Amino acid sequence: YRHSSQYRFWSFTPEQLEQKRIDTNAQAVVSVEERLSAFRDENNADLTEEEVKTLLEKAVPVTMEEEVKLVNFYAKKVQGIAQHMNLPTEVVATSLTFFRRFYLENSVMDIDPKTIVHTTIFLACKSENYFISVDSFAKKTKSVREAILKHEFKLLESLKFSLLNHHPYRPLHGFFLDIQNLLTGKVDIKYMGQIYENCKKRITEALLTDAIYFYTPPQITLAALLLEDEALTLKYLETKFKPKEEEAETETEVDEKKKNKKVEDKDNSPKEDKPESSINYDVLLSLILACKEKIIELPSVTMDDAKNIAAKLYFCNNPMKA
Amino acid sequence: EYTKEKKVGEGTYAVVYLGTKQSTGRKIAIKEIKTSEFKDGLDMSAIREVKYLQEIQHVNVIELVDIFMAYDNLNLVLEFLPTDLEVIIKDKNILFTPADIKSWMLMTLRGVYHCHRNFIMHRDLKPNNLLLSPDGQIKVADFGLARAVPSPHESLTSNVVTRWYRAPELLFGANHYTSAIDIWSVGIIFAELMLRIPYLPGQNDLEQMDVTFRALGTPTDRDWPEVSTFSLYNKLQIYPPPSRDELRKRFIAASENALNFMCNMLTMNPVKRWTAAQCLESEYFKEIPPPSDPSSIK
Amino acid sequence: DLSKRYTLAESLYSDPFIKDLQNRKEYIASGFRTDFVYDRVLTEAFM
């Protein structure tokens with residue numbers, strides 16, 4: 001995972017992420033301010049005092065916080081459109097990831113989110129081998145090929161040409177299996193199936209939060225599992241990662257171990273010569289608890305919020321309209 | 001930062017130039033992706049090259065040095081690799097030994113193993129996609145047909161891999177194949193290195209099946225369960241698998257372990273075919289001669 | 001490095017989705033392998 005482009009280019013601490021957003025917004029503010037003052041200078045003679053006042057009030061750059069809100073609002077739209085198109089879960093997740101990463105590198109004042117929504121889904125389809133021709137894509141989305149292709153290069157460049165995403169869905173399948181292995185006989189399969197489906201939904205929501213920048217996919221998966229069934233997840237994590245206490249093993253546990261060992265031998269699964277993982281249980285648990293807090297605070301942007309910010313965005317790019 | 005000094009190749013979706021990285025003087029190859037050719041925006045092959053080469057850093061996989069846009073073209077800056085195995089096989093003036101072949105197979109399988117453990121199938125392994133660096137390292141190249149191992153229920157196109165190197169499951173039109181298809185290609189490349197001529201050169205897809213099964217025997221449900229369910233199965237000519245002796249005669253330079261090595265890569269049933277890890281751990285690599293030191297191979 | 005960060009215990013898995021696929025003729029003929037599927041998802045879980 002540390003070799004992956006997702007880790008190398010798109011993992012941040014909260015401070016780094018905040019700073020990145022501040023810098024991207026500040027850069028755009030400079031060029032918007034220049035354009036606006038040039039506009040005022042050019043039109044100085046024709047503008048009444050009232051109009052200048054309105055300009056100074058309405059045609060102003062959007063703040064970093066407003067950008068984040070607008071991007072979150074459109075991210076939800078990207079997810080909705082992709083789901084509405086019945087795209088596979090991984091393609092929906094990739095569309096959303098592309099869209100959100102794009103606005104870490106670009107300001108909404110540079111490229112209006114409306115103009116990039118379809119492009120991110122279209123590129124995600126291609127990247128995930130779910131190829132749809134641009135003409136049929138345009139028909140499905142009631143868009144036009146030129147608009148879809150217009151920013152494709154820009155999108156690829158802003159993504160730093162990193163297209164391979166690791167989403168938390170596959171780890172969910174992996175833990176679904178490993179829990180059965182570790183807690184043999186203690187989990188009901190039907191119940192596990194329900195947990196699995198619920199976790200998938202939680203993961204889909206988690207992709208809208210900044211957790212995807214702060215945590216690895218498996219950590220997000222374990223946080224979703226913790227939310228779904230804390231007791232089961234803690235039991236699993238302890239069994240898997242907690243250093244074995246020296247306590248005398250009860251008779252049953254010894255038998256259990258022997259049975260497991262026999263089963264494993266029968267399975268002749270490769271004996272790992274190293275401890276399964278050098279993961280520190282306490283560190284892992286604290287990470288997952290923090291991640292859980294992150295994925296439950298879903299960004300909620302009302303339509304009004306979005307409209308106000310979009311209006312501000314519109315006026316700062318079209319001062320004459322203001 | 002980069003110069004384009006000499007055009008060395010042109011494909012359907014890209015033009016390749018030789019150049020230099022100014023800041024270090026390093027020789028590089030620049031793959032300039034033509035953008036106008038693909039009516040659906042960025043070409044799928046370009047997207048695949050970018051997507052997978054970004055994730056793979058391995059001595060036996062071509063290095064993606066940089067990527068940049070210029071004049072609306074996408075440019076992949078790749079490490080400069082002067083030749084490939086196809087050139088070496090064809091040029092009868094170049095003599096190489098079983099130790100050299102072993103070295104090339106070892107490096108190829110290390111590169112392929114690295115792709116597979118990252119769950120990436122190359123899907124176009126053949127001698128001219130195995131490039132050689134100035135110090136003799138084999139580099140797996142051209143990821144234009146690569147893809148990640150799909151989700152289990154996904155359907156894959158069987159129209160991949162250059163025909164002569166195409167695994168039997170692909171010839172039958174399978175849609176749920178695995179990375180075993182790459183191992184078949186490596187097996188055919190191994191045979192070609194020993195013979196110095198293409199091993200199974202079919203002139204078209206149908207003939208490719210006939211050439212393949214004539215040489216290695218037509219698979220049956222016994223050794224490959226459900227193979228007879230492929231729609232193309234009924235039209236097949238049934239050939240017996242070659243005896244060990246026939247194989248020995250065909251590959252006179254091959255040791256017993258080398259023959260085992262090849263036969264396990266060319267096992268018809270993909271489920272029984274060796275994985276890259278099994279190939280790398282085979283007796284073939286442990287017996288003499290040891291693989292040549294890549295930099296010593298002429 | 002062939003050591004894995006997990007133990008593959010196929011006989012302990014009850015995975016109706018995969019079990020269904022592995023019994024389909026076109027999957028068997030294609031060379032479908034459950035251990036490859038499990039290896040993939042377990043690697044993604046423990047990477």
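Numbered from 1 within each chain, the chains take letters A, B, ... in sequence-line order. The structure presented is a predicted model; accordingly, all values stated were derived computationally and were not measured.
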Can you say whether [X] sits under 4.5 Å from chain B via the side chain, the backbone, both, or neither, judging by heavy atoms?
X        : value
A:Phe131 : side chain
A:Phe9   : side chain
A:Leu123 : side chain
A:Phe122 : side chain

Heavy-atom distance under 4.5 Å to chain A: side chain of B:Leu156, backbone, both or neither?
-> neither
Residue part contacting chain A, namely of B:Thr157, when any heavy atom lies under 4.5 Å | neither
Flag, side chain of A:Glu157 to backbone of B:Phe68, donor-acceptor distance under 3.5 Å |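 Judged by distance alone, no pair lies under 3.5 Å.
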Let me know which of A:Ser4, A:Ser5, A:Ser162 forms a side chain to side chain donor-acceptor pair (under 3.5 Å) with B:Glu55.
->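 Answer after filtering A:Ser4, A:Ser5, A:Ser162: A:Ser5.
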Quick one: does [X]'s side chain get under 4.5 Å of [Y]'s, heavy atoms only?
X        : Y        : result
A:Tyr130 : B:Glu154 : no
A:Glu128 : B:Arg147 : no
B:Leu76  : A:Phe161 : no

Could you pull out the closest heavy-atom pair between [X] and [Y], with the gap in Å?
X        : Y        : answer
A:Val134 : B:Asp40  : N-OD1, 2.6 Å
B:Gln54  : A:Lys160 : NE2-O, 3.0 Å
A:Asn129 : B:Tyr52  : ND2-OH, 4.0 Å
B:Lys39  : A:Leu149 : O-CD1, 3.9 Å
A:Lys126 : B:Gly41  : NZ-C, 3.5 Å

Atom CZ of A:Phe153 and atom CG of B:Asn73: how far apart are they, to the nearest 0.5 Å?
->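 With rounding to 0.5 Å, CZ (A:Phe153) is 6.5 Å from CG (B:Asn73).
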Measuring from A:Leu163:CG to B:Leu53:CG, what's the distance to the nearest 0.5 Å?
-> 11.5 Å
Has [X] got more than 12 heavy atoms of other residues, nucleotides or ligands less than 6.0 Å from its [atom1]?
X        : atom1 : value
A:Lys114 : NZ    : no
B:Asn159 : CG    : no
A:Lys150 : NZ    : no
A:Gln27  : CD    : no
B:Lys21  : NZ    : yes
B:Lys4   : NZ    : yes

What option among B:Ile56, B:Ile67, B:Asn118 has the most heavy-atom pairs under 4.5 Å with chain A?
-> B:Ile67
Between A:Arg170, A:Glu90, A:His173, which residue shows the highest count of heavy-atom pairs closer than 4.5 Å to chain B?
->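 Top count of heavy-atom pairs under 4.5 Å with chain B: A:Arg170.
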